[in-house]
Student: 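Before I ask anything, let me first share the structure, which is written out below as structure tokens.
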2 protein chains.
Amino acid sequence: MPEDGGPVWKVGELARRTGLTVRTLHHYEQVGLLRPAARTAAGHRLYGAADVRRLYQVVALRELGLPLDVIGILLAGEADIAERLAEHLALVEQRLVRLRSLRSRLAALVATAESTGSTAPADLLGLIEEVVRMQDVINNYFSEEQLALLEERRRALGEDAIAAAEAEWPELIAKVQAEMDAGTDPADPRVRALAGRWMGLLEAFHGGDDGLRESLFTMYAENSEQINRDSGGPSPDMIAYISRANAAD
Amino acid sequence: MPEDGGPVWKVGELARRTGLTVRTLHHYEQVGLLRPAARTAAGHRLYGAADVRRLYQVVALRELGLPLDVIGILLAGEADIAERLAEHLALVEQRLVRLRSLRSRLAALVATAESTGSTAPADLLGLIEEVVRMQDVINNYFSEEQLALLEERRRALGEDAIAAAEAEWPELIAKVQAEMDAGTDPADPRVRALAGRWMGLLEAFHGGDDGLRESLFTMYAENSEQINRDSGGPSPDMIAYISRANAAD
DNA sequence: GTTGCACCTGACGTAACGTGAGGTCCTAGC
DNA sequence: GCTAGGACCTCACGTTACGTCAGGTGCAAC
């Protein structure tokens with residue numbers, strides 16, 4: 001189809017009409033995505049109507065985030081478009097999960113930095129290291145699906161509920177510590193009430209999902225000291241104390 | 001601090017301990033991020049304790065998604081870390097908005113492709129073009145903040161409510177069209193009831209935000225034919241009809 | 001004839017490394 | 001003392017989708 005009769009566009013015109021740059025059109029030709037139907041004697045590119053149609057398809061697929069080589073394959077009819085879109089969607093979902101996770105860490109860090117006023121650079125760096133190391137540990141113990149599930153639950157619960165639950169932990173830990181220091185019997189009703197709150201908070205985290213609970217316990221078992229040191233988590237002794245309180249029924 | 005006494009690590013050991021590759025450590029040296037404290041006579045890199053500490057800082061900041069050059073600046077104390085983190089957070093939020101928008105378009109396309117069975121490639125390509133063009137138009141009329149606000153509202157309403165509202169439009173438009181075809185007076189109670197539902201759906205979209213309503217109206221006014229053709233939106237005649245129904249109070 | 005704009009073809013730069021290629025160093029075993 | 005197998009070294013190109021000169025040609029108007 002050498003486009004003998006129809007309208008033709010030079011590269012600059014086409015660029016203006018599509019909002020692309022001339023360089024982009026050059027590039028698309030270079031990678032074989034869009035070859036102009038013809039050239040003038042002087043070598044100037046001449047695009048025909050079919051080229052323009054194809055270019056709009058290229059742009060549309062590009063705006064969906066597909067890489068140029070895939071676009072080439074799709075437009076050549078050498079792959080199933082719906083299938084590739086589904087694959088791409090999965091990839092985008094994955095990126096979203098990661099990006100959301102990253103945002104929550106960044107937001108927490110920024111909030112901490114703001115609330116503590118002008119934190120000394122060294123302190124802030126240390127805090128950043130802790131947060132990131134913690135995340136690495138978490139990523140080691142929870143699968144991608146589990147993390148996505150947790151994200152889901154967090155969204156369902158809402159930010160405030162999450163913040164409230166997280167704020168409850170240090171308070172609860174302090175109270176349990178007080179009872180331990182006082183030598184209270186784990187079977188004492190007061191301690192058993194605290195243990196009940198404890199299990200409630202845990203439940204709020206894993207939501208009854210055995211896999212999540214299992215992963216959480218494994219992670220704690222193998223990293224108790226770091227969790228204790230970096231995040232103010234409970235000591236193994238305290239875990240044992242709570243277990244005894246729960247067992248006393 | 002030429003690290004005369006302390007422990008030293010060779011590049012391979014350090015790589016294993018940090019989970020990085022040797023190439024990455026080479027790269028960090030090349031860009032000036034982490035210069036080993038010393039070299040052996042043969043030129044082998046020797047990293048000291050201070051280097052290891054710095055490396056962990058680099059890795060932590062990298063895991064927050066900061067570019068290496070920024071990390072270098074931050075570790076040199078030449079910029080405020082909290083400030084840069086806040087900036088970076090804003091960037092991440094922006095990416096999130098875009099990515100979420102992309103995902104919703106992809107999901108809609110994939111769902112359509114699946115529900116209609118094996119759509120012909122050409123049809124699917126046409127649909128993709130429509131969706132992308134529509135999005136371009138939308139991006140022209142709504143600012144980033146407005147789009148983020150819309151995202152927010154969508155999340156607050158929940159997926160099902162959105163789907164229900166979107167499903168309601170075609171039905172409503174069909175009913176109004178029927179009344180128009182029947183020549184019913186816009187002031188007729190039936191039409192006024194339809195107009196009421198109409199305004200309710202609009203309200204569900206803009207939520208009373210004047211800016212959003214304004215942008216939506218401008219967009220419709222300047223693109224009514226495309227919206228009508230591509231998305232089954234209402235015709236200008238229908239808009240006028242509804243307006244008269246609302247004015248008749 | 002020349003001015004000015006559109007067009008052309010290289011070719012390097014971008015971010016953060018991956019991946020050889022080709023050569024040197026070091027340690028353990030013989 | 002010699003050699004084999006790792007670990008180490010320094011280039012240097014490849015990746016993605018173009019941006020950005022640089023240096024030269026084509027074309028229409030004055």
Side-chain angles (χ1 to χ4, degrees), chain A residues 8-47 51 54-55 57-75 84 88 91-92 95 98-99 102, chain B residues 8-47 51 55 57-75 84 88 91-92 95 98-99 102 132:
Chain A
V8 291
W9 292 269
K10 303 185 73 171
V11 65
E13 297 162 1
L14 191 51
R16 268 193 305 279
R17 288 172 52 86
T18 56
L20 302 173
T21 68
V22 170
R23 176 65 177 105
T24 297
L25 291 170
H26 284 178
H27 184 61
Y28 288 174
E29 178 173 5
Q30 198 176 343
V31 299
L33 250 189
L34 183 69
R35 251 178 290 277
R39 296 263 191 158
T40 68
H44 291 192
R45 291 164 178 78
L46 294 177
Y47 296 87
D51 297 329
R54 183 178 169 99
L55 179 56
Q57 295 175 338
V58 169
V59 170
L61 291 170
R62 191 197 59 172
E63 303 230 322
L64 292 179
L66 291 165
L68 296 186
D69 56 350
V70 171
I71 294 177
I73 293 170
L74 291 180
L75 289 186
R84 290 308 178 111
H88 187 55
L91 193 143
V92 167
R95 285 214 277 250
R98 290 192 220 275
L99 207 54
L102 174 58
Chain B
V8 290
W9 292 271
K10 304 186 70 172
V11 66
E13 295 162 2
L14 191 52
R16 268 194 304 280
R17 288 171 53 86
T18 55
L20 302 174
T21 68
V22 170
R23 175 64 176 110
T24 297
L25 291 170
H26 285 178
H27 184 62
Y28 288 173
E29 178 172 4
Q30 198 176 340
V31 299
L33 249 189
L34 183 69
R35 250 178 288 276
R39 296 263 192 158
T40 68
H44 292 191
R45 283 165 246 263
L46 294 177
Y47 294 88
D51 297 328
L55 179 55
Q57 296 176 336
V58 169
V59 170
L61 291 171
R62 189 197 59 171
E63 304 232 319
L64 292 180
L66 292 166
L68 295 185
D69 56 351
V70 171
I71 294 177
I73 293 170
L74 291 180
L75 289 186
R84 290 309 177 111
H88 187 56
L91 194 142
V92 167
R95 285 214 277 249
R98 288 192 222 274
L99 207 54
L102 175 58
V132 169

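Protein chains get the first letters and strands the later ones, always in sequence-line order, with residue 1 at the start of each. No hydrogens, no waters, no symmetry mates; every other heavy atom, side chains included, goes into these values.
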Student: Look at all strands and tell whether A:Arg16 reaches a base, only sugar-phosphate, or nothing, counting heavy atoms closer than 4.0 Å.
Tutor: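 It contacts nothing in the nucleic acid.
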Student: First locate atom CD1 of A:Ile71, then atom CZ of A:Arg84, and finally report the distance between them rounded to the nearest 0.5 Å.
Tutor: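 Answer rounded to 0.5 Å: 12.0 Å.
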Student: If you measure from OH on A:Tyr47 to CZ on A:Arg35, what distance do you get to the nearest 0.5 Å?
Tutor: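 Interatomic distance, A:Tyr47 OH to A:Arg35 CZ, rounded to 0.5 Å: 11.0 Å.
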Student: Are the side chains of B:Arg39 and B:Arg45 in touch, meaning some heavy atoms are under 4.5 Å apart?
Tutor: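 Yes; the side chains approach each other to less than 4.5 Å.
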Student: Is B:Arg39 near enough to C:dC25 that one of its side-chain N or O atoms lies under 4.0 angstrom from OP1 or OP2?
Tutor: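 No.
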Student: Work out which heavy atom in B:Leu25 is nearest to a heavy atom in B:Ala15; give both atom names and the distance.
Tutor: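 Looking at all heavy atoms of both residues, the shortest contact is CD1-N, 3.8 Å.
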Student: Below the 4.0 Å mark, does D:dC8 have OP1 or OP2 next to a side-chain nitrogen or oxygen of B:Arg45?
Tutor: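 For B:Arg45, the contact criterion (side-chain N or O under 4.0 Å from OP1 or OP2 of D:dC8) is not met.
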Student: Report yes if a side-chain nitrogen or oxygen of B:His26 is closer than 4.0 Å to either non-bridging phosphate oxygen (OP1 or OP2) of D:dC9; otherwise report no.
Tutor: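 So the side-chain polar atoms of B:His26 do come within 4.0 Å of the phosphate oxygens OP1 or OP2 of D:dC9, strictly under.
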Student: For A:Thr18, give me all partners under side chain to side chain contact (heavy atoms under 4.5 Å, CB included), at least two apart in sequence or on another chain.
Tutor: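 Residues passing side chain to side chain contact (heavy atoms under 4.5 Å, CB included) with A:Thr18: A:Leu14, A:Leu20, A:Leu55, A:Tyr56.
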Student: To the nearest angstrom, how far is B:Ile73 atom CD1 from C:dA15 atom P?
Tutor: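 The distance from CD1 of B:Ile73 to P of C:dA15 comes to 12 Å, rounded to the nearest Å.
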Student: Rounded to the Å, how far apart are B:Ile71 CD1 and C:dC17 P?
Tutor: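 It works out to 9 Å between those atoms.
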Student: Roughly how many Å is it from CG in B:Leu55 to C1' in C:dC17, rounded to a whole number?
Tutor: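 After rounding, the gap between these two atoms is 15 Å.
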Student: Can you pull every protein N or O that's under 3.5 Å from an N or O on nucleotides 12-21 of chain D?
Tutor:
residue, atom, partner, partner atom, Å
D:dA17, OP1, A:Leu68, N, 3.2
D:dC18, OP1, A:Arg62, NH1, 3.4
D:dC18, OP2, A:Tyr28, OH, 2.9
D:dG19, OP2, A:Thr21, OG1, 2.8
D:dG19, N7, A:Arg23, NE, 3.2
D:dG19, O6, A:Arg23, NH2, 3.1
D:dT20, O4, A:Arg23, NE, 3.0

Student: Between C:dC7, C:dC26, D:dG26, which one does the side chain of B:Ala42 approach most closely?
Tutor: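 Side chain of B:Ala42 sits closest to C:dC26.
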Student: Might you point out which heavy atoms bring B:Leu64 and A:Leu102 nearest each other, and give the distance in Å?
Tutor: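 Heavy atoms only, the tightest pair is O-CD1, 3.5 Å.
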Student: For A:Leu14 and C:dC7, give me the distance from atom CG to atom C1', rounded to whole Å.
Tutor: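 Going from CG in A:Leu14 over to C1' in C:dC7 covers 14 Å.
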Student: Expressed as a whole number of angstroms, how long is the span from A:Leu46:CG to D:dC27:P?
Tutor: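 After rounding, the reported distance stands at 11 Å.
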Student: Rounded to whole Å, how long is the line connecting atom CD of B:Glu29 with atom C1' of C:dA16?
Tutor: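 In whole Å, C:dA16 C1' and B:Glu29 CD are 16 Å from each other.
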Student: Using a cut-off of 4.0 Å on non-hydrogen atoms, how would the nucleic acid contact of A:Val31 be classed: base, sugar-phosphate, or nothing?
Tutor: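 Touches nothing.
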Student: Using modelled atom types and a 3.5 Å cut-off, is there a donor and acceptor pairing between side-chain atoms of A:Arg54 and backbone atoms of A:Leu33?
Tutor: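 Yes.
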Student: So how far off straight is the helix from C:dG1-D:dC30 to C:dC30-D:dG1, going by the axes through five pairs at either end, to 10°?
Tutor: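 That helix gives 40° between its end axes.
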Student: What heavy-atom pair brings B:Leu99 and A:Arg95 nearest, and what distance separates the two atoms?
Tutor: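 That closest heavy-atom pairing would be CD2-CB, 3.7 Å.
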Student: Does the side chain of B:His88 come within less than 4.5 Å of B:Val92's, by heavy atoms?
Tutor: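 Result yes, sub-4.5 Å side-chain heavy-atom pair found.
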